[in-house]
Structures are given as C-alpha cells and as structure tokens.
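Notes to accompany the following structure.
In listed order, ligands and their atoms are each counted from 1. Here the structure is a predicted model, which means the values were calculated and not measured.
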Amino acid sequence: QGQPQTNAAAAAPGWAQSAQRGGVVEIHAVSKRYGSNPVLHQVSLTIPAGSVTVILGPSGSGKSTLLRSINHLERVDDGFITIDGQLLGYRQSGNKLYELRDHEILAQRADVGMVFQNFNLFPHLSVLENLIEAPLAVRGLSRAEAEALGLELLARVGLADKADAYPRQLSGGQQQRVAIARALALKPKVLLFDEPTSALDPELVGEVLDVIKELARSGTTLIVVTHEIGFAREVADRVVFMEQGRIVEAGSPEQIFNAPAQQRTAAFLGKVL
Ligand code: ADP
Ligand code: MG
C-alpha cells in the first residue's frame, strides 16, 4: 500500500520468485447459464491460500466456465466470487455495491493468471516480448524492469536461452512454459490452468507438469483442470469432481481416488484411470 508497483519491482531480483501474498478464492453459490442452457448450478468452493486444487470432470461439466468466472472472462448470473475477501466485479461502498468499470476489472483480473490449453502466445512477438507486454501495460513497469523480470521468469521455467525466439520456433511444451512465465509476470495471487497439457504430445507433458509442480511448492494458489491423475495424486491438496455444472464431491486425492463417496465419481475415474 502506498508504494507504487514500480518500486516493488525495482527491488527485484527475487520479485518473480517471491511467494505470492494471499490468494484465498471463495466461490459462493455461483450459477451461470448460456442463454437458456444452465452450465453452473449453485457451485460453492473455498480454495485456501497457497493450496493446489485439481478439478476433474467430463467434457461439458462446466470446468472451463468456472475458471473463466474466477478470471472475469465470464460474468456469473447468480452468487459471487471473492479473492482475499475482495468481491470480483464490484466495489463496496457502505452497504452499496457498484459495478467496476472496465479498467478496474482489468486491474482486478491482473491478480488472477490463466494458462490455456492452446498456449495463446502472441505469434508475432518474441518470447521476451510476450512476457513483458502485460507488465508494461498493466503493472506500469519500465521496459528495463519488465525485461529483467521476463528473463528471470524464463530462467525459472528453464528457457533462459529462448528470449529472442518466436513461438513457432518452440515445441508445444516450451510454448506452454512461456505461457506459464507470462502468467507469472503479473505476479498473480492465483493461477488457473485449463487443461494445460491436453494439447501436447505425450513426451512433452512432463516438462510442463514439472513447472506446475515447482509453482505448487513455491506456495502460489493453483487451480488446475486436468485429466492427469498421477499429477493430481502427487500435487493436489484437494480434488474436486464436477459433473453437469455441479460439484459432485471434493476431498483429498487419497479419498477421491481410493474411496470416492459418489458412484458418479467412481464411474468417471473408471474411464480415465
Ligand atoms: P468443460 O470445460 O467442463 O468441458 P465448459 O465450461 O466448457 O465445460 O462448458 C460447459 C457447458 O457450457 C457446455 O455445455 C458448453 O457447450 C457450454 N458453453 C461453454 N461456453 C459457452 C459459450 N461461450 N456459449 C454457449 N455455451 C457455452
Ligand atoms: Mg474445458
């Protein structure tokens, strides 16, 4: 508070490595429909700061919609979401709520990083340019600060030598590691992963999961939609199974994978395990 972001960044190196503050996500009875098609039904979930939550479920069960709602890419129809007690999309004044303006929503969204299945890098920008674009625009860093941060993040994902490469020159696994570094560049409180390895050739999955595991150890709050059960067993604090827009059950990996309480969970796991 009080200190402009630029000064905090100037105190880097270490900015990219430092533990993220906070990151408690609370989802309260969130419902969402597309036209007349209900997609989320009163979904409630609390995600503690620094924890790793894996969301599993069949295609069409609302996993992406839930992640997109946490990142303001979707507006929920009912219920609400808070991050560290801050209501997404609204500002409270007295006992009144005001909708945030677009620039305020952008600022709030910067606290939530998102990594997509298909990397979504800017093809016409070099790796380093991909990394510095948002810190320059959103966090107000100088170019020198943003480049120093970008290089530090590239080293963290094992791609220090790729700063000047273009996305098309990289493997899918390398592109996804750049996408993770780019998400980290805004120093988010929460990182969302939507099937981050689903588009990768099998031999490239491990290098991306290893980067996510390293983030998990560093204490960033992670929410990961994935079908990688081995990863979930090893890394997740909590596994959530969704079906048809509802949370069917949630528990520790041991409980969900070894002794699911719900028949629907067992049936799904029987197909993916
Ligand atoms: P999942 O990620 O679990 O596969 P999604 O959240 O992508 O599920 O989709 C849940 C449901 O919402 C599906 O029936 C899907 O067809 C529908 N849906 C998703 N996005 C849109 C959209 N932008 N417009 C209309 N329907 C959508
Ligand atoms: Mg999806």
**Ser198 side, atom OG; Glu228 side, atom CD - distance, nearest 0.5 Å** = 7.5 Å
**Request:** Indicate yes or no: does Asp111 engage Arg139 in a salt bridge with an N to O separation below 4.0 Å.
**Result:** yes
**Set of ring pair (Phe, Tyr, Trp, His ring centres under 6.0 Å) partners for Phe80, sequence neighbours left out** = His28
**Phe122 six-ring centre to Arg182 NZ/CZ under 6.0 Å and within 45° of normal** = yes
**Asked** What are the two closest non-hydrogen atoms of Arg75 and Lys32, and how far apart are they?
**Response** O-NZ, 3.0 Å
**Prompt:** Which of these passes side-chain contact (heavy atoms from CB on, under 4.5 Å) with Val225: Leu67, Leu66, Leu192?
**Reply:** Leu67
**Message:** Return all protein N, O or S atoms below 2.8 Å from the Mg ion (ligand 2), chain by chain in residue order.
**Reply:** Ser64 OG
**Distance flag, aromatic centroids of Tyr90 and Tyr98, threshold under 6.0 Å** = no
Under 3.5 Å, which donor-acceptor pairs do the side chains of residues 41-57 form with other protein atoms, sequence neighbours left out?
residue, atom, partner, partner atom, Å
Ser44, OG, Ala29, N, 2.8
Ser51, OG, Pro48, O, 2.7

Would you mind listing each N/O atom of ligand 1 next to any protein N/O under 3.5 Å, plus the distance?
residue, atom, partner, partner atom, Å
ligand 1, 2 (O), Ser64, N, 2.9
ligand 1, 2 (O), Ser64, OG, 2.8
ligand 1, 3 (O), Ser61, N, 3.1
ligand 1, 3 (O), Ser61, OG, 3.4
ligand 1, 3 (O), Gly62, N, 3.0
ligand 1, 3 (O), Lys63, N, 2.9
ligand 1, 3 (O), Lys63, NZ, 2.7
ligand 1, 4 (O), Gly60, N, 2.7
ligand 1, 6 (O), Thr65, N, 2.9
ligand 1, 6 (O), Thr65, OG1, 2.5
ligand 1, 8 (O), Gly62, N, 3.1

**Message:** Does Glu207, at its CD atom, have more than 12 non-hydrogen atoms belonging to other residues, nucleotides or ligands within less than 6.0 Å?
**Reply:** yes
